[in-house]
Amino acid sequence: MPTNLRWLALAPVSWLIGGTMFASSFERVERVPVLTNAYNNQTQEVSFGVPTTARMILQFGGGAIAIGGTAAAAFLAVGSGSDSKRDSRSPNPIPGSNRERTEEHRELIARTSGKRSYPVGNRKHLTPPTAPKPATTTHRTQPIDDEVFESDLWQSHPESGNNSAPVPTPEPIVLSGYGNKTQAQGEQPEINLVQQAAVFGCGQNSDNIKVHLLIPAITQSGKTSTLCGMIREVSQICPDVIWHGVDPKGSVFLGLERLCHSDGFPVIVGIDLDKPNVGVSMTVELLRRALSEQTQRKKARQRAMQTGQVYDPSPYIVILDEWPAILKAAKDCDLTSGTKHRSTIVQLAETLAFVGLEDKIFLWIVSQSPYVSQLGFDGSVSAQFCTFAIGRGYNMKSIEVCKKAIERSTSDEAQKAQLFAKLKKLSEARPSHPVCFSSAGGLIAYAPDLKDIQRQQLFRAADSTDDEDIAHLRSLSPHAIALEFNQFLEQNRPDETEDEEL
């Protein structure tokens with residue numbers, strides 16, 4: 001009788017385990033003297049060995065494992081050996097078995113490729129038929145028949161003279177939503193970081209995040225145009241914003257430089273660097289007014305919290321353009337007049353940076369360094385500022401300022417390398433166009449086209465009569481104005497004949 005040695009090998013293993021258990025039950029029992037009373041040194045002999053219950057378990061269990069394991073191993077060895085022998089010698093596979101399905105699959109593949117295949121052990125070299133036979137619909141319970149493969153079910157078209165025609169390749173099916181979205185949507189629009197910085201700088205973003213803005217940019221990097229663009233964005237988002245600013249350069253800010261508040265205080269305070277006393281004193285007054293506004297708003301906020309009212313004041317933005325120039329002018333004023341305007345300006349601005357955000361009082365500080373400690377402030381105030389750097393590719397110093405802003409904004413080396421690579425790519429592609437970096441999200445993008453924004457007059461006084469004609473007259477000399485006025489009178493002189501008729 002054929003046997004399977006793999007199962008028969010378990011017999012000695014079962015004998016070894018059972019014999020070991022049976023032998024351990026006959027462990028020698030010895031009597032050992034044990035001290036039972038320590039006071040009078042009394043001892044008693046105690047036997048140590050296998051208990052009676054354990055000895056019975058080992059004896060009967062070991063015998064059962066030895067005999068039963070051997071019998072089971074012999075049974076499995078004989079049974080599996082006969083089954084494997086019968087499977088290897090079986091000429092006809094059982095219908096529906098894996099062997100039949102494998103041979104059927106082989107026949108189907110051969111049929112579709114134009115060749116005939118037969119089961120192993122019954123191969124014949126026959127030529128394929130020239131015409132298909134009618135298909136049969138009977139259930140197949142016997143081995144694969146030749147007529148089944150001759151049916152039209154497995155042929156997409158009649159065979160031609162070369163006995164097999166190529167099967168047409170079906171067109172790929174594209175499901176809805178899985179097509180090439182890049183070609184359909186085109187290029188994504190560039191991010192408007194100027195608008196994003198303006199929204200964050202006035203607290204009007206969807207997350208209600210309020211931050212001060214630190215705008216590092218050197219000369220000729222496009223910071224004045226970008227600043228005008230931010231002012232325009234804020235005015236469109238929140239028309240009731242209250243503006244204040246200090247400008248030592250005499251820049252144009254969409255008409256804000258010509259406006260005054262209701263009490264006559266100018267919206268933009270100008271500082272004459274040759275005679276800075278008046279401008280520096282007004283700068284101190286401007287910051288004091290902002291701090292006084294914050295004190296009033298804090299009281300209103302406390303009352304609203306106690307009474308359950310809504311507290312939503314208008315944004316109050318203080319623009320400090322060219323911060324190093326403001327501090328230099330204040331220092332010169334201190335040296336000539338013996339005042340302490342420089343330390344006062346730094347102290348007031350730092351106080352507003354700490355306490356102003358809760359009441360929507362924002363600082364926009366334009367400097368040439370992205371580090372708050374280099375502005376004269378305490379280092380702890382840096383968490384209140386969001387950096388918005390501006391640079392141009394043709395000026396490497398401005399690009400270095402952007403790199404310093406990136407280093408300040410993140411400590412992740414991988415993110416730094418990625419931002420540096422994108423900054424280099426954008427600045428090299430368009431060297432003359434401003435590139436902006438915003439630490440709010442770590443984004444870099446081109447600034448929008450703002451080259452003509454300084455010509456716009458977005459802000460006008462309520463009683464302003466300025467128009468193109470008045471602007472033209474202001475550009476003329478007094479003599480040219482007199483000539484044009486005389487010409488105006490000549491053209492509008494009444495006719496003498498009409499006077500005579502009257």
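Computed from a predicted structure; not experimentally measured. Counting begins at 1 with the first residue of the sequence.
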Compile the donor-acceptor pairs under 3.5 Å between side chains in residues 376-385 and protein atoms, sequence neighbours left out, one pair per line.
residue, atom, partner, partner atom, Å
Asp378, OD2, Ser380, N, 3.0
Asp378, OD2, Ser380, OG, 2.4
Ser382, OG, Gly379, O, 2.9

For the atom pair [atom1] ([X]) and [atom2] ([Y]), what is the distance rounded to the nearest 0.5 Å?
X      : Y      : atom1 : atom2 : result
Lys249 : Ile271 : NZ    : CD1   : 13.0 Å
Leu419 : Ile406 : CG    : CD1   : 5.0 Å
Leu256 : Asp247 : CG    : CG    : 11.0 Å
Cys402 : Leu423 : SG    : CG    : 5.5 Å
Ile444 : Gln418 : CD1   : CD    : 9.0 Å
Leu287 : Thr344 : CG    : OG1   : 10.0 Å

Beyond-backbone contact of [X] with [Y], side-chain heavy atoms, under 4.5 angstrom:
X      : Y      : answer
Ile345 : Leu320 : no
Pro216 : Lys404 : no
Arg297 : Tyr311 : yes
Val372 : Arg408 : yes
Trp243 : Val234 : yes
Met230 : Ile215 : yes
Leu357 : His212 : yes
Val267 : Phe253 : no

Write down the atom of [X], the atom of [Y], and the distance for their closest heavy-atom approach.
X      : Y      : answer
Leu273 : Ala329 : CD2-CB, 4.0 Å
Ile218 : Ser398 : CD1-N, 3.4 Å
Val318 : Ala290 : CG2-CB, 4.1 Å
Gly201 : Trp364 : O-NE1, 3.2 Å
Ser235 : Phe459 : OG-CZ, 3.0 Å
Phe420 : Glu407 : CZ-CG, 3.8 Å

Could you tell me whether [X] atom [atom1] has more than 12 heavy atoms of other residues or ligands within 6.0 Å of it?
X      : atom1 : value
Gln347 : CD    : no
Glu285 : CD    : yes
Lys331 : NZ    : no
Gln204 : CD    : yes
Lys397 : NZ    : no

Test Val246 against Trp323 for side chain to side chain contact (heavy atoms under 4.5 Å, CB included), laying out the working first.
CA-CA 9 Å; Val246 180; Trp323 176 256; over 6 Å; no

Under the 3.5 angstrom rule, does the side chain of [X] hit a backbone N or O of [Y] as a donor-acceptor pair?
X      : Y      : answer
Asp334 : Arg342 : yes
Thr295 : Leu291 : yes
Ser225 : Gly222 : no
Thr387 : Ser439 : no
Ser292 : Arg288 : no

Ile191, Leu193, Asn192 screened by side chain to side chain contact (heavy atoms under 4.5 Å, CB included) with Gln195, the one that passes
Asn192

Stepwise side chain to side chain contact (heavy atoms under 4.5 Å, CB included) check, Ser409 with Phe437
CA-CA 10 Å; Ser409 63; Phe437 164 73; 3.3 Å; yes

Could you check Ile453 against Cys228 for side chain to side chain contact (heavy atoms under 4.5 Å, CB included), going step by step and ending with a plain yes or no?
CA-CA 7 Å; Ile453 192 171; Cys228 289; 4.0 Å; yes

Taking the inter-plane angle between the rings of His244 and Phe265 on a 0 to 90° scale, is it parallel (under 30°), tilted (30 to 60°) or perpendicular (over 60°)?
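Judged by the thresholds at 30° and 60°, the geometry between His244 and Phe265 is tilted.
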
Set out, in order, the CA-CA distance, both residues' side-chain angles and the distance that settles side chain to side chain contact (heavy atoms under 4.5 Å, CB included) for Lys360 and Arg301, then state yes or no.
CA-CA 11 Å; Lys360 289 190 176 182; Arg301 171 167 51 86; over 6 Å; no

Using side chain to side chain donor-acceptor pair (under 3.5 Å) as the criterion, point out the one residue from Gln294, Lys298, Gln296 that pairs with Asp359.
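That would be Gln294.
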
Under 4.0 Å between a Lys/Arg side-chain N and an Asp/Glu carboxylate O for Lys223 and Glu322?
yes

